[in-house]
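Because the structure is a prediction, the values reported are computed rather than measured. One is the number of the first residue; the rest follow in order along the sequence.
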Amino acid sequence: MSPAVSYKTSIAVAFIWSGAVFAISFLEAWLKFRAPGVTLPIGLGIGRIVFAALNKIEWLFCIAIIACLIFQGTLTLTANTLILIIIASLLLLQTFWLLPQLDARAELHISGQDTAPSSLHLLFIIAEALKIILLVSFGLAQFEKFKI
């Protein structure tokens, strides 16, 4: 892969990734509960499936961007690489802590058990918002590098 193609690919992946997170986390997640007949347990069940799928796709996007940086020869400690490290760290946090915790809470709720109030959902929303901001910043910085 040529560096030019690699820059274009990393830019496209960053913006597609940010769009996917925005569409799922900030549109689908709450809109599904407004659909006729969708109860809280059904909505939670759908959400568990959708967020598990999104998480897997996000890892593919992350790997694709890392591969692009390798092909560009820019996988060094730069501000843009630091942004990617933070994004990957958020993704790790979500994958191995937040999503499993939220999934367990959803499962309890679906089975009719009460769940104590928790800040996990708010933490997940903050992580999603940070990822979107960082992905857009990464994509714009890659675009600036490519223009040089």
Could you pull out all donor-acceptor pairs under 3.5 Å where a side-chain atom in residues 121-129 meets a protein atom, sequence neighbours excluded?
unit_1: E128; atom_1: OE1; unit_2: Q94; atom_2: NE2; d: 2.8
unit_1: E128; atom_1: OE1; unit_2: K131; atom_2: NZ; d: 2.7
unit_1: E128; atom_1: OE2; unit_2: S25; atom_2: OG; d: 2.4

Problem - Test item: T115 side-chain N/O and R105 main-chain N/O as donor-acceptor pair under 3.5 Å - result: no

Handout entry: Residue among L84, T76, T78 satisfying side-chain contact (heavy atoms from CB on, under 4.5 Å) with N80
Key = T78

Problem - Non-hydrogen side-chain atoms of W17 and I132 separated by less than 4.5 Å - result: no

Handout entry: Fellow cluster residues of L44, listed by chain then number, with links counted only when side-chain atoms sit under 4.5 Å apart
Key = F33, L40, I110

Practice task
May I ask whether L90 and I85 are part of the same hydrophobic cluster, defined by side-chain heavy atoms of I, L, V, M, F, W, Y residues being less than 4.5 angstrom apart, directly or through others?
Solution key: no

Handout entry: salt bridge (Lys or Arg N to Asp or Glu O under 4.0 Å) pairs, two or more places apart, involving residues 66-75
Key = none

Below 3.5 Å, can you tabulate the donor-acceptor pairs from side chains in residues 47-55 to any protein atom, sequence neighbours excluded?
unit_1: R48; atom_1: NE; unit_2: D103; atom_2: OD1; d: 2.3
unit_1: R48; atom_1: NH1; unit_2: E107; atom_2: OE1; d: 2.7
unit_1: R48; atom_1: NH2; unit_2: D103; atom_2: OD1; d: 3.3
unit_1: R48; atom_1: NH2; unit_2: D103; atom_2: OD2; d: 3.4
unit_1: R48; atom_1: NH2; unit_2: E107; atom_2: OE1; d: 3.3
unit_1: N55; atom_1: OD1; unit_2: T95; atom_2: OG1; d: 3.2
unit_1: N55; atom_1: ND2; unit_2: T95; atom_2: OG1; d: 2.9

Problem - hydrophobic_cluster_shared for V21 and L93, side chain cutoff 4.5 Å - result: no

Practice task
Taking side-chain hydrogen bond (donor to acceptor under 3.5 Å, both in side chains) as the test, write out the residues that go with S118, two or more places apart.
Solution key: none

Problem - Hphob cluster co-occupancy, L108 + W97, side-chain heavy atoms under 4.5 angstrom - result: no

Practice task
Sort out for me which residue in T9, I11, I16 forms a side-chain contact (heavy atoms from CB on, under 4.5 Å) with V13.
Solution key: T9

Problem - Test item: L91 and W59 side chains (from C-beta on) under 4.5 Å apart, heavy atoms - result: yes

Practice task
Look up atom CZ in F138 and atom CD in Q142, then write down how far apart they are to the nearest 0.5 Å.
Solution key: 4.0 Å

Exercise for the section: Hey, could you give me the CG/CD1 distance between L135 and I86, rounded to the nearest 0.5 Å? Expected result: 11.5 Å

Handout entry: I83 versus S137, closest heavy-atom pair with distance
Key = CD1-CB, 4.3 Å

Problem - Separation of F26 CZ from L31 CG (nearest 0.5 Å) - result: 13.0 Å

Fill in the blank from the handout: Correct closest heavy-atom pair for C68 and S6 would be O-OG, 2.6 Å

Problem - I70 reachable from I65 in the ILVMFWY side-chain graph, under 4.5 Å edges - result: yes

Handout entry: Counterpart residues, salt bridge (Lys or Arg N to Asp or Glu O under 4.0 Å), relative to K8 (two or more places apart)
Key = none

Handout entry: Side-chain heavy-atom pair K32, E28 within 4.5 angstrom cut-off
Key = yes

Problem - Reported CZ-to-OG distance for the pair F143 and S10, which is rounded to 0.5 angstrom - result: 11.5 Å

Practice task
Would you kindly confirm whether L99 and L130 end up in one hydrophobic cluster when ILVMFWY residues are joined by side chain heavy atoms under 4.5 Å apart?
Solution key: no

